Amino acid sequence: MKLLWLDLNSSYAHSSLALPALHAQLANHASITWEVVSATINENCGMVVNNIYHQQPDIIAATVWLFNHEQLLHIVSRAKALLPHCTIILGGPEFLGDNEAFLRKNPFVNCVFRGEGEAAFPLWLDAWNRPNAWNNITGLCYLDNINQYQDNGLARVLDFDQLASPEESPFFNWSKPFVQLETTRGCFNTCAFCVSGGEKPIRTINMTTVRRRLTKIHRQGIKNVRVLDRTFNYDNKRAKELLSLFLEFSPDICFHLEIHPALISEELKQELVKTPHGLLHLEAGIQSLREEVLVQSRRMGKLSKALEGLQFLCSLSQMETHADLIAGLPLYRLSEIFEDIHILAAYGADEIQLESLKLLPGTEMRRRAEELGIQYSPLPPYEVLQTREITVDELQTARYLSRLLDGFYNTPTWRGVTRSCLLKDSTFLTALLAHLVELGLIDQPLSMEKRGLILYEFCKTHYPDFQSAVSIAWIEAGMSLKKLPAERVKTKRQLPPDTWQVLYGEYKETLRLCFLPTDGEKGYWFGFESEEQTIKPVFKATNR
């Protein structure tokens with residue numbers, strides 16, 4: 001029997017764990033021949049179908065999620081037309097809700113899995129060509145031979161620590177810029193918007209196994225590991241043990257974690273303070289800084305504790321901390337989103353990620369959408385279109401605001417000056433957003449230089465007090481001293497003043513000095529090791 005796995009991702013930088021996770025449990029089944037067709041959602045559909053057709057599989061299997069859903073159905077529907085006797089089985093987060101309507105609308109799909117497949121999928125493979133034996137396979141949903149919908153519930157792998165690890169499969173992809181590692185499965189939280197909100201119980205892998213897996217990952221030369229645990233610090237004792245283990249792989253590996261700032265114990269804080277630079281990259285779950293919004297969303301943890309924990313995390317300079325907000329949550333207003341961004345910027349969050357709420361299949365919030373006054377797209381990505389608190393136009397503004405944050409605040413080159421400007425003037429953020437929309441640039445891809453030019457011209461016209469700050473950011477990013485943001489820079493025959501305050505670097509007479517005046521003879525000196533116009537300075541001083 002030949003099984004073809006359709007590995008369809010949003011880009012080649014991403015890779016699903018589903019294939020190696022399932023294959024690792026079936027590696028000894030000699031009766032199964034595995035083939036893989038890999039593609040991205042941007043590739044020509046016909047070419048992908050052609051690759052599948054020439055493999056002549058008995059089974060086509062794939063994981064369906066938010067962003068590959070539409071393209072994947074185009075592919076498998078065509079493959080079924082060419083291979084009518086092929087059995088198509090799909091799984092993934094898109095099937096955590098009621099699947100009857102999907103199966104009736106897409107009759108080319110023979111069945112779908114709801115939940116975790118490592119234990120159930122091998123059972124289905126033993127009976128793949130005998131649909132009358134499918135009724136005992138937990139998690140399987142299908143239309144039987146009299147077109148009646150059969151729903152076998154939700155599959156959970158209770159012996160999670162006994163599974164063969166994905167890294168043991170030859171299909172594990174070591175060529176990506178990062179790998180994913182799951183040390184726990186399940187979530188203690190009850191967030192109504194999350195597919196993990198009802199994922200109980202929490203199951204863990206012991207530290208010996210985690211160390212063995214990380215050792216294998218380290219030997220492969222992997223520099224970034226994304227830990228998939230829903231909440232890294234749901235158990236502070238375990239979090240401390242994991243941190244100690246991660247230290248064994250420092251400085252070679254950076255670990256990306258999702259952490260709940262409201263649940264950080266004092267003991268864990270002490271451990272986090274001691275971590276070396278570059279070991280951790282933290283995603284701090286915030287969603288909203290409004291207590292009533294979090295209560296309505298059924299997110300556990302007091303807001304006051306979350307803010308305290310976030311301030312602590314942002315104070316740790318040896319790691320990056322990202323905070324997220326979700327537009328479209330019930331009771332959350334646009335004005336409050338702007339206010340929350342200012343608060344997060346004041347804390348010093350390294351990134352502020354603003355996303356639009358998506359009502360995913362199987363979530364409580366989707367089931368209660370009408371009750372909560374939420375209107376949303378019935379098709380992927382199921383984004384919220386309007387709520388009682390935020391209008392269609394306001395949600396569009398929130399999407400534009402997300403683009404602004406990604407282009408300016410979340411980009412290291414422009415982060416510092418953007419944060420400084422919006423904190424010094426409460427009107428800056430809304431004014432810059434309106435400016436970008438008016439120019440028709442808010443949805444356009446912009447180079448780093450173009451963003452700097454826009455920011456400089458905007459400040460020169462509307463916020464002249466911030467003009468010098470943008471020029472400094474431009475110079476320190478190594479941008480050309482011949483372009484507009486460096487228009488006030490003096491580059492010829494600059495000599496050091498009698499006294500100055502060195503901000504970084506060491507002055508040497510061989511350096512080429514440039515001077516940016518800010519007030520008469522006051523200003524900043526920058527030292528360059530070359531005459532090139534696009535290099536970063538190695539020295540900075542001021543006599544302000």
Side-chain angles (χ1 to χ4, degrees), residues 9-14 41-42 66-67 177-178 224 226 256 258 281-289 310 313-314 319-329 332 334 336-358 381 383-384 390 393-423 428-459 466 469-470 473-474 476-477 479 485:
N9 295 295
S10 57
S11 74
Y12 275 110
H14 294 84
I41 58 175
N42 299 313
L66 203 60
F67 296 108
F178 61 86
N224 289 280
R226 296 193 176 180
H256 297 237
E258 292 190 25
H281 181 117
L282 302 179
E283 301 279 349
I286 293 293
Q287 286 78 52
S288 169
L289 305 186
L310 182 63
L313 294 174
C314 291
M319 63 187 70
E320 284 201 12
T321 298
H322 297 180
D324 63 323
L325 300 173
I326 303 179
L329 287 172
Y332 205 12
L334 180 63
E336 295 171 334
I337 293 172
F338 274 94
E339 291 170 6
D340 289 355
I341 288 170
H342 279 84
I343 294 171
L344 294 177
Y347 285 178
D350 292 296
E351 280 194 19
I352 301 173
Q353 298 165 335
L354 175 60
E355 301 291 338
S356 294
L357 177 64
K358 298 167 180 63
E383 69 270 29
V384 168
I390 193 164
D393 289 341
E394 287 174 333
L395 270 173
Q396 184 60 47
T397 298
R399 294 187 193 99
Y400 286 157
L401 181 56
S402 176
R403 294 282 296 173
L404 184 156
L405 290 172
D406 284 343
F408 293 89
Y409 189 98
N410 296 341
T411 303
T413 298
W414 307 120
R415 177 187 300 147
V417 66
T418 303
R419 176 192 290 147
S420 174
C421 292
L422 72 89
L423 290 178
F428 178 84
L429 191 59
T430 52
L432 177 58
L433 181 61
H435 179 70
L436 291 168
V437 172
E438 183 181 353
L439 292 177
L441 296 174
I442 189 65
D443 263 336
Q444 298 298 314
L446 301 173
S447 69
M448 202 67 67
E449 182 181 272
K450 180 65 174 177
R451 280 175 258 177
L453 289 167
I454 292 169
L455 193 59
Y456 181 78
E457 292 185 69
F458 172 72
C459 289
F466 301 155
V470 181
W474 176 276
E476 293 191 303
M479 303 290 184

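Just so it is clear, the structure is predicted and the values come from calculations on it, not from any experiment.
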Practice item. Check the side chains of Asp350 and His322 for a donor-acceptor pair under 3.5 angstrom, ignoring hydrogens and angles. Key: no
Check your understanding: Of all heavy-atom pairs between Leu357 and Gly328, which one has the smallest distance, and what is that distance?
Key -> CD2-O, 3.4 Å
Check your understanding: Going through the checks in order, is the side chain to side chain contact (heavy atoms under 4.5 Å, CB included) test met by Leu405 and Gln353?
Key -> CA-CA 7 Å; Leu405 290 172; Gln353 298 165 335; over 6 Å; no
Point to revise | Glu336 CD to Leu329 CG distance, which is reported to the nearest 0.5 Å | key: 11.0 Å
Point to revise | Worked verdict on Glu351 versus Glu283 for side chain to side chain contact (heavy atoms under 4.5 Å, CB included) | key: CA-CA 9 Å; Glu351 280 194 19; Glu283 301 279 349; over 6 Å; no
Check your understanding: Donor-acceptor pair, Arg451 side chain versus Gly407 backbone, under 3.5 Å?
Key -> yes
Review point. What heavy-atom pair brings Ala477 and Thr413 nearest, and what distance separates the two atoms?
Key: CB-CG2, 3.5 Å
**Study point:** Student check: side-chain heavy atoms of Ser356 and Arg399 closer than 4.5 Å
**Key:** yes
Review point. Can you find a heavy atom in the side chain of Phe338 that is under 4.5 Å from one in the side chain of Leu433?
Key: yes
Review point. Out of Leu446, Leu441, Ile442, Leu354, which one pairs with Arg403 under the side chain to side chain contact (heavy atoms under 4.5 Å, CB included) rule?
Key: Ile442
Exercise for review: Mind checking the CD1-OG spacing from Ile341 to Ser402? Nearest 0.5 Å is all I need.
Suggested key: 8.5 Å
Exercise for review: Assess the pair Phe458 and Phe428: is the distance between their ring centroids shorter than 6.0 Å?
Suggested key: yes
Practice item. Please report the closest heavy-atom contact between Leu423 and His342, naming both atoms and the distance. Key: CD2-O, 3.6 Å
Exercise for review: Locate the shortest heavy-atom distance separating Ile390 from Ile337; write the atom from each residue and the value.
Suggested key: CD1-CD1, 4.4 Å
Check your understanding: Quick one: does Arg419's side chain have a donor or acceptor within less than 3.5 Å of a partner on Ala349's backbone?
Key -> yes
Review point. Do the non-hydrogen side-chain atoms of Met448 and Thr411 ever get within less than 4.5 Å of each other?
Key: yes
Check your understanding: If you take all heavy atoms of His256 and Asn224, which pair is closest and at what distance?
Key -> NE2-OD1, 3.3 Å
Point to revise | Gln287 side chain to Asp324 side chain, donor-acceptor N/O pair below 3.5 angstrom | key: yes
Exercise for review: With the side chain counted from C-beta on, respond yes when Tyr409 and Leu422 share a heavy-atom pair under 4.5 Å apart, and no when they do not.
Suggested key: yes
Point to revise | Student check: side-chain heavy atoms of Asp443 and Tyr400 closer than 4.5 Å | key: yes
**Study point:** Arg226 side chain near His281 side chain, heavy-atom distance below 4.5 Å
**Key:** no
**Study point:** Donor-acceptor pair, side chain of Thr397 and main chain of Asp393, under 3.5 angstrom
**Key:** yes
Practice item. Please answer whether the main-chain N or O of Glu449 pairs with a side-chain N or O of Trp474 as donor and acceptor at a distance below 3.5 Å. Key: no
**Study point:** Residue pair Leu334, Leu395: steps toward the side chain to side chain contact (heavy atoms under 4.5 Å, CB included) verdict
**Key:** CA-CA 8 Å; Leu334 180 63; Leu395 270 173; over 6 Å; no
Check your understanding: Is it the case that Asp340 and Tyr332 place a side-chain donor and acceptor less than 3.5 Å from each other?
Key -> yes
Review point. Step by step, would you call Leu344 with Leu289 a side chain to side chain contact (heavy atoms under 4.5 Å, CB included)?
Key: CA-CA 9 Å; Leu344 294 177; Leu289 305 186; 4.2 Å; yes
Check your understanding: Would you say Ser420's side chain and Gly416's backbone share a donor-acceptor pair under 3.5 angstrom?
Key -> no
Review point. Is there a side-chain contact between Leu436 and Leu404, using heavy atoms and a 4.5 Å cut-off?
Key: yes
Review point. Any side-chain heavy atom of Ser288 within less than 4.5 Å of one from Ile326?
Key: no
**Study point:** Spacing of OG1 belonging to Thr321 relative to CG belonging to Leu310, to within rounding of 0.5 Å
**Key:** 7.5 Å
Check your understanding: Rounded to the nearest 0.5 Å, how far does CG of Leu282 lie from SG of Cys314?
Key -> 9.5 Å
Review point. So which heavy atom on Asn42 is nearest to which on Ser10, and how close?
Key: ND2-O, 3.9 Å
